[in-house]
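Single-structure report; data block below.
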Amino acid sequence: MFLVTGATGGIGRRVVRLLRQQEQCVRAFVRLTSRYSELEHRGAEIFIGDLREARDIEKATQGVKYIISAHGSGGDALSLDYRANIELIDQAKANQVEHFVFVSVLGVDRGYEDAPVFKAKRAVEQYLVDSGLNYTILRPSGLASNLLPLAEQFRDTGLYLLIGDRQNRSSIVSTDDLARMIVDSVKVAEARNQILPVGGPEILQREDIPRIFGRIFNKPPIVINPPVFILDGLRNVIGLLNPQTQKALGTYQTLLSNEFFCKKEEIANLERIFNFPLETLESFLRRYLAV
């Protein structure tokens with residue numbers, strides 16, 4: 001039995017699909033308000049709970065062999081990115097789980113003090129490594145699925161909002177490829193007890209993304225490129241009204257202000273370990289947009 005947290009998210013939903021295609025038993029941890037009918041239709045066992053509640057995590061982890069932590073923070077890094085994962089790891093130890101797969105984020109080891117998600121995920125990584133469990137930690141760069149709404153907006157308007165440095169580099173990974181690596185991590189020997197940076201096969205500059213959109217939809221992009229310091233002003237104003245949102249924007253600003261890409265040798269290592277070629281961003285977008 002696999003337990004998948006974040007099962008209705010962009011990563012988790014794909015992980016559940018793959019596991020069910022392989023006829024694996026899956027328990028999908030979902031919120032009552034989430035859309036989980038597809039997972040139920042695919043034959044996943046639905047566990048409705050709250051990752052902020054330790055008793056729900058304790059119940060969900062009973063009788064599972066593998067745990068895949070793929071949930072996000074929803075703006076609450078302390079409760080969801082940190083405390084929920086610590087509780088999942090403790091319950092994994094108590095239940096003698098065979099393998100724990102944790103989806104972290106590229107750059108967590110750089111010490112970004114203003115990014116709560118990065119700090120929380122780094123602390124969880126260290127706790128998992130020290131736990132004695134078999135683990136795989138995957139650190140993805142940007143996810144291709146996150147660009148789908150922007151691509152659809154571009155299709156309608158031709159506009160692309162690019163905040164900050166156009167030349168900052170990223171290696172955006174196909175979310176389908178990431179899901180496949182997550183699922184395969186429990187059975188691929190070379191992925192065991194490893195921390196792996198995960199990116200796509202290309203190192204892209206941020207200004208390459210609207211160019212790709214332009215090729216896909218055959219229209220010249222109109223790029224709006226405000227500087228990052230505008231976000232600083234917005235954070236300060238929001239901080240007066242909602243300190244929690246101000247902290248969440250710190251993570252967003254970190255993502256906008258820095259480069260997140262994998263080296264070519266790291267990508268080659270991923271393809272060797274998991275034994276499949278990684279998909280380009282343009283290929284991913286064309287598949288999902290049916291262009």
Can you list the steps and then say if Leu88 with Phe102 is a side chain to side chain contact (heavy atoms under 4.5 Å, CB included)?
CA-CA 10 Å; Leu88 280 167; Phe102 177 54; over 6 Å; no

Test side chain to side chain contact (heavy atoms under 4.5 Å, CB included) applied to Arg215 and Ile212, step by step:
CA-CA 5 Å; Arg215 286 199 301 271; Ile212 291 171; 3.4 Å; yes

Going through the checks in order, is the ring-ring contact (aromatic ring centres under 6.0 Å, His included) test met by Tyr135 and Phe100?
CA-CA 5 Å; Tyr135 67 86; Phe100 194 109; 9.3 Å; no

Are Asn85 and Tyr127 close enough, and set up right, to give a side chain to side chain contact (heavy atoms under 4.5 Å, CB included), and what steps lead you there?
CA-CA 9 Å; Asn85 280 308; Tyr127 194 79; over 6 Å; no

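Contact of the Met181 side chain with the Leu278 side chain is registered, since non-hydrogen atoms from C-beta on lie closer than 4.5 Å. At a threshold of 4.5 Å between non-hydrogen side-chain atoms, the residues Leu106 and Ser141 count as touching. Side-chain atoms of Asp56 and Leu51, non-hydrogen and from C-beta on, never get closer than 4.5 Å to each other. No side-chain heavy atom of Gln153 sits under 4.5 Å from any side-chain heavy atom of Leu161. When side chains are defined from C-beta on, Ile224 does not count as touching Leu162, because their heavy atoms never get closer than 4.5 Å. Inter-residue side-chain proximity for Thr61 and Ile67 is flagged as met; some heavy-atom pair is nearer than 4.5 Å. Side-chain contact check for Glu202 versus Glu282: every heavy-atom pair is 4.5 Å or farther apart. Residues Ser174 and Phe284 meet the side-chain proximity criterion, which asks for heavy atoms closer than 4.5 Å.
With hydrogens and angles ignored, the 3.5 Å screen pairs no side-chain donor or acceptor of Arg286 with any backbone N or O of Ala290. No side-chain donor-acceptor contact under 3.5 Å links Arg169 to the backbone of Leu204. The backbone N or O of Ala70 lies less than 3.5 Å from a partner atom in the side chain of Thr5, making a donor-acceptor pair. The closest donor-acceptor contact from the side chain of Arg27 to the backbone of Ala60 lies under 3.5 Å. Listed for the Arg20 side chain is a donor-acceptor partner under 3.5 Å among the backbone atoms of Arg42. Looking at Ser79, its side chain never comes within 3.5 Å of a backbone N or O of Arg52 through a donor-acceptor pair.
With salt bridges taken as basic N to acidic carboxylate O contacts below 4.0 Å, none links Glu125 and Lys121. Using a 4.0 Å cut-off between charged nitrogen and carboxylate oxygen, Arg14 and Asp176 count as a salt-bridge pair. No salt bridge links Arg83 with Glu87; every basic N to acidic carboxylate O contact stays at or beyond 4.0 Å. At a threshold of 4.0 Å, the pair Arg211-Asp208 counts as salt-bridged, since one of the basic side-chain nitrogens sits closer than that to a carboxylate oxygen.
Taking CG of Leu148 as the reference point, atom OG1 of Thr175 lies at 7.5 Å (rounded to 0.5 Å). In this structure, CZ in Arg110 is found 12.5 Å from CZ in Arg122, a value given to the nearest 0.5 Å. The line from CG of Leu196 to CD of Glu190 is 10.0 Å long, rounded to the nearest 0.5 Å. To the nearest 0.5 Å, atoms CD1 (Ile172) and CG (Leu281) are separated by 5.0 Å. With rounding to the nearest 0.5 angstrom, the NE2 atom of His99 is 9.5 Å from the CZ atom of Phe2. Taking CG of Leu3 as the reference point, atom CD of Glu45 lies at 9.5 Å (rounded to 0.5 Å).
Between Phe274 and Phe276, the ring planes are tilted. Angles from 30° to 60° get that label. Ring planes of Phe118 and Phe260: tilted class, angle from 30 to 60°.
Heavy-atom neighbours of Glu265 CD from other residues, nucleotides or ligands within 6.0 Å: above the threshold of 12. Other residues, nucleotides and ligands contribute at most 12 non-hydrogen atoms within 6.0 Å of the CZ atom of Arg55. Counting non-hydrogen atoms of other residues, nucleotides and ligands closer than 6.0 Å to CD of Gln22 gives a total above 12. Within a 6.0 Å sphere centred on CG of Asn218, heavy atoms belonging to other residues, nucleotides or ligands number 12 at most. By the 6.0 Å contact criterion, CG on Asn275 is open, its count of non-hydrogen atoms from other residues, nucleotides or ligands being 12 or less. When the shell of 6.0 Å around NZ of Lys219 is examined, it contains more than 12 heavy atoms from other residues, nucleotides or ligands. Crowding of Arg31 atom CZ: a count of heavy atoms from other residues, nucleotides or ligands under 6.0 Å not exceeding 12.
In terms of heavy-atom proximity, Asn225 sits nearest to Ile163 at ND2-C, 4.3 Å. Annotation for Ile137 and Ser104: closest pair CG2-CB, 4.0 Å, computed over non-hydrogen atoms. For Ile267 against Pro201, the heavy-atom pair with the smallest separation is CG2-CA, 4.0 Å. Among all heavy-atom pairs drawn from Arg35 and Thr8, the shortest one is O-CG2, 3.4 Å. In terms of heavy-atom proximity, Leu270 sits nearest to Pro197 at CD1-O, 3.4 Å. Residues Arg206 and Asp165 approach most closely at NH1-O, 3.4 Å, considering heavy atoms.
Leu150 and Phe154 fall within a single hydrophobic cluster, where Ile, Leu, Val, Met, Phe, Trp and Tyr side chains are chained together by heavy-atom contacts under 4.5 Å. Neither Val101 nor Ile89 shares a network with the other; the hydrophobic side chains, linked directly or stepwise wherever heavy atoms of I, L, V, M, F, W or Y lie under 4.5 Å apart, form separate groups for each. A chain of hydrophobic side-chain contacts below 4.5 Å, direct or via other Ile, Leu, Val, Met, Phe, Trp or Tyr residues, connects Val186 to Val15. With hydrophobic clusters built from ILVMFWY side chains whose heavy atoms lie under 4.5 angstrom apart, Val26 shares a cluster with Tyr36. Both Val64 and Ile86 belong to a single network of hydrophobic side chains, linked directly or stepwise wherever heavy atoms of I, L, V, M, F, W or Y lie under 4.5 Å apart.
Checked by atom type, the side-chain pair Glu58/Gln62 shows no donor-acceptor distance below 3.5 Å. Residues Asn134 and Tyr66 bring no donor and acceptor atom of their side chains to less than 3.5 Å of each other.
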